[in-house]
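Notes for the one structure printed next.
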Amino acid sequence: MIVDARALPQDSTIAADIAIIGAGAAGITIARSFLDGAVKVALIESGGLDFDAATQDLYDGDIVGHDYFPPTVTRLRYFGGSTNHWDGLCRPLDPSDFARRPDVPDSGWPFDAAHLDPYYRRAQSICQLGPYDYEAAFWRDGDVGPLPISGGVRSAVFQNSPPTRFASVYGDELRGASNITVYLNANLLELDTVAPCREVTGLALACLDGKRLRAKAMLYVLACGGIENPRLLLNSDRVATRGLGNDNDLVGRYFMDHPKIWKGSEVLFATERPDLEFYDYHTVRGTRIQGVFVPVTEVMLKEGLANFAICLDHASLADVSASAAALRTLKRNFGHGETAGDVLRHLARAIGDVDSLVGAVYDKATGSLRRFFSTRYWCDCPPQRDSRITLSDRRDALGQRRVRIDWRLPADFARNFQRAHALLAEALGSAGLARLHVNTAEDVGDPIASVENSHHHMGTTRMHVDPRHGVVDADCRVHGIANLFIAGSSVFPTYGQANPTLTIVALALRLADHLREALA
Amino acid sequence: MIRARRRLLATLAAGLLWPALGGRRLWSLATPASALPIHLRLVGLLRRPDSAAFIGRAYLEAEPAEAELGRILALLLPGRSAAALAALPAAELRRLVTARHRGDFSEGRTVSLGGWILSRTEARLYAVAALTADGLSA
Ligand SMILES: Cc1cc2nc3c(=O)[nH]c(=O)nc-3n(C[C@H](O)[C@H](O)[C@H](O)COP(=O)(O)OP(=O)(O)OC[C@H]3O[C@@H](n4cnc5c(N)ncnc54)[C@H](O)[C@@H]3O)c2cc1C
C-alpha cells in the first residue's frame with residue numbers, strides 16, 4: 001500500500017514490526033525482502049512520487065573543505081531516492097577492498113568478499129544486470145575483447161544497469177503488498193530514545209504542511225543515504241547529547257567519495273582506429289558493459305597505491321592540442337612555426353614507427369582521428385577521520401540543522417594519480433599500443449584541482465566490530481543500540497574503485513536476512 | 001576559435017593520413033646496410049626519421065648530457081660496442097631495439113617529456129635521429 005502521510009490525522013502513530021526510513025535503493029530492497037510475509041513493514045519516505053523543490057531543499061547544506069557538488073545536486077529526495085538519477089554503473093568491491101591493509105590505517109571490513117558473494121548474486125538481478133562475472137575475459141565477444149596488456153594494470157569491466165529506477169520498477173509491488181505500507185511525504189526528524197540510550201523508542205515525523213506524526217516499531221532501519229544517515233543521528237541529540245550512536249565521536253567522520261578526474265591524460269595509439277570497442281559501452285550477450293583499466297592487486301599492494309579505475313573517452317581536439325603543446329613548450333627551438341598539431345603529428349609518426357618495430361597487430365588504418373583518447377580516472381581514498389559530515393548552524397524548513405560537508409583528499413592523492421597513469425603508460429607501451437601524456441598544471445590546468453566527487457557518499461557510519469572504531473557492528477546494527485540498524489554506503493569502512501550501489505543492495509539483502517532472524 | 005580548430009583538424013588529419021613509408025631517407029637506398037655506421041643503421045629502422053628527430057630534440061633538451069653520439073649509443077644498447085652492433089644483421093638489430101624498448105616499459109625505465117611517457121630506448125633512438133639530422137652535434 002502507498003499512503004500520503006499528509007492525509008493521516010495529526011499526531012497519529014504508525015505501527016509496524018520494522019520501520020525503514022528512506023525509500024531509495026537500500027530501503028526499497030529491504031522492504032521488498034518482506035513482500036507478502038507476516039512481518040509488517042512501514043517504509044517511511046520524505047518525498048512524494050515526483051521531485052518537489054521544497055522537499056529537495058531539505059537536503060541543502062554547506063560545503064567546506066574540498067569542492068563538492070551542492071548537497072541538493074548530489075542526491076534526490078523523493079520515492080526511489082537517488083536511483084531516480086543514477087547512471088547504473090555497477091561492480092562489486094574487489095576482495096582486496098575488504099581486507100585490512102597494513103599500510104592503510106582503519107582499513108578493512110569485518111568479513112571477506114566471499115561472505116558477500118551470495119548477496120551480490122541476488123543484487124545482480126535486482127539491479128537488472130547480467131551474470132555475476134566481472135573478469136574481462138568472460139566478456140570477450142568474438143573480436144571485441146580486452147587489450148593484450150600486462151604489467152601493473154589489467155582490464156576489468158563494469159556492468160550497466162538500465163539504470164534501474166527503483167521506485168518505477170518496484171513501486172507497484174510495494175503498492176500491492178498486503179504487509180508493506182509506504183508512507184510518502186513523511187520526514188524523519190529524530191530517532192527517540194530514553195536514557196541510557198540502549199534502544200530507539202519511536203520516530204518523530206513531520207510533513208512539510210505542518211503535520212506531526214510518530215512511528216513505533218520493534219526494529220528500525222535508517223536508509224537515508226550516506227550524508228543524511230549521520231545527519232539524522234547527529235540531530236537526534238535531545239537525550240544522547242552528542243547524537244545517537246555517537247558515544248565515540250565517529251558519526252559523520254571518515255566521509256569518503258570517489259574523487260574523479262576527467263581528462264587526466266591523453267592516450268595516443270600507435271595505429272589509427274585501435275580496437276577499443278571493449279572499453280566503450282557495448283552489449284555482450286544481452287548485458288551492457290564497459291571495459292576499464294584497474295591495478296593488478298599485487299602491484300597495488302606492493303606500491304601502497306590506491307585502488308583505481310581508468311576508462312577511455314574519445315579525446316577532443318582541444319585536449320589533444322594541449323598535450324602536444326606541452327612537448328612544444330619543452331623544446332623551445334621547435335619554434336619554426338610548428339603548431340601543436342605538427343608536434344603531435346611528429347609524435348604520432350615516431351611512436352607508430354617504433355611500435356611497428358614491435359609488430360603491433362592493432363592496425364586497421366582507415367584514416368581517422370580515432371587514435372586519440374582521454375582518460376577518466378577515479379580511485380578510493382584511505383579512511384580519514386577529519387573528512388566528515390557535521391551539522392551546520394543553518395536550519396531547514398522543519399527546524400532541523402542542515403549538513404556541513406567537509407570532504408578531504410589524502411596527501412598522496414596526486415602521487416596516486418600520477419603513478420596510476422604511469423602504470424597504464426607502461427602497460428600500453430610494452431604492448432606496443434600507445435603512448436600516454438599525463439596532464440600537469442602547466443598544460444591544461446592542474447587536473448588535481450579539477451577533482452570532482454562522484455556522488456558516492458560513504459563511510460559516515462562505518463562498520464567495525466569494535467565500537468571504538470565503528471558506528472555499526474558487522475550486522476549493521478548501531479553499537480550499543482539494540483534495535484537500530486543502518487543500510488547504505490555510510491557503513492562502508494573502505495570501498496575500492498567500484499560504484500557503491502550494487503554493494504548497497506547486497507548489504508541490504510544481507511541486513512534483511514538478519515532482521516528476519518532478529519524478529520523470529 | 002572555430003577556424004583555428006578547423007585548421008588544427010586539417011593539420012592533424014594530413015599528418016595521420018601520411019603514407020606509412022613517406023619519410024625522408026637520410027642515405028642513398030643503394031648503400032648496403034651493413035656498410036653503414038651504426039647510428040645510420042639505427043635511424044634506418046625508422047620510417048619517418050624527421051618526426052623521430054623532432055621528438056629526439058626534446059629529449060636532448062631534457063637530457064643534455066646525452067647529446068653526444070658515442071655516449072647515447074652506449075646508453076641505447078649497453079654492453080655492445082658500436083662495431084659489434086654495426087656487424088649485426090638488420091633483423092637482429094631490430095630485435096635488440098624492440099626487446100629493450102619493451103623491457104623499458106615493463107621495468108619502468110621511462111622518461112617523461114612534457115608529460116609524454118616514453119621508453120628510454122625509443123627516446124634515445126629519436127635522439128640519435130636528431131643528432132644524425134643535425135649533423136651529429138647537439
Ligand atoms: C548523478 C548520480 C549518478 C550516480 N551514478 C551511480 C552509478 O552509476 N553507480 C552507482 O553505483 N551509484 C551511482 N550513484 C549513487 C547512487 O544513486 C546511490 O548509491 C544510491 O542511490 C544510494 O541508495 P540509498 O538507498 O542508500 O540512498 P538514496 O537513494 O539516496 O535514498 C535515500 C532515501 O531516503 C529519503 N530520505 C532522506 N532523508 C529522509 C528523512 N529525513 N526522512 C525520510 N526519508 C528520507 C530520500 O528521499 C531518499 O528517497 C549516482 C548518484 C548520482 C547523484
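Just so it is clear, the model here is predicted, and its values are computed rather than measured. Lettering follows sequence order; numbering is per chain, from 1.
Within the model, atoms CG of B/Leu113 and CZ of A/Arg435 stand 11.5 Å from one another, a figure rounded to the nearest 0.5 Å. Here CG of A/Leu433 is found 10.5 Å from CZ of B/Phe105. Values are rounded to the nearest 0.5 Å.
Considering every non-hydrogen atom in both B/Ile117 and A/Ala422, the closest pair reads CD1-CA, 3.9 Å. Across all non-hydrogen atoms, the minimal contact from B/Trp116 to A/Glu266 is CZ3-O, 4.3 Å. What you find for A/Ser430 and B/Ser106 is that their closest heavy atoms are CB-N, 3.9 Å.
The side chain to side chain donor-acceptor pair (under 3.5 Å) test applied to B/Thr110 returns no partner, not counting sequence neighbours.
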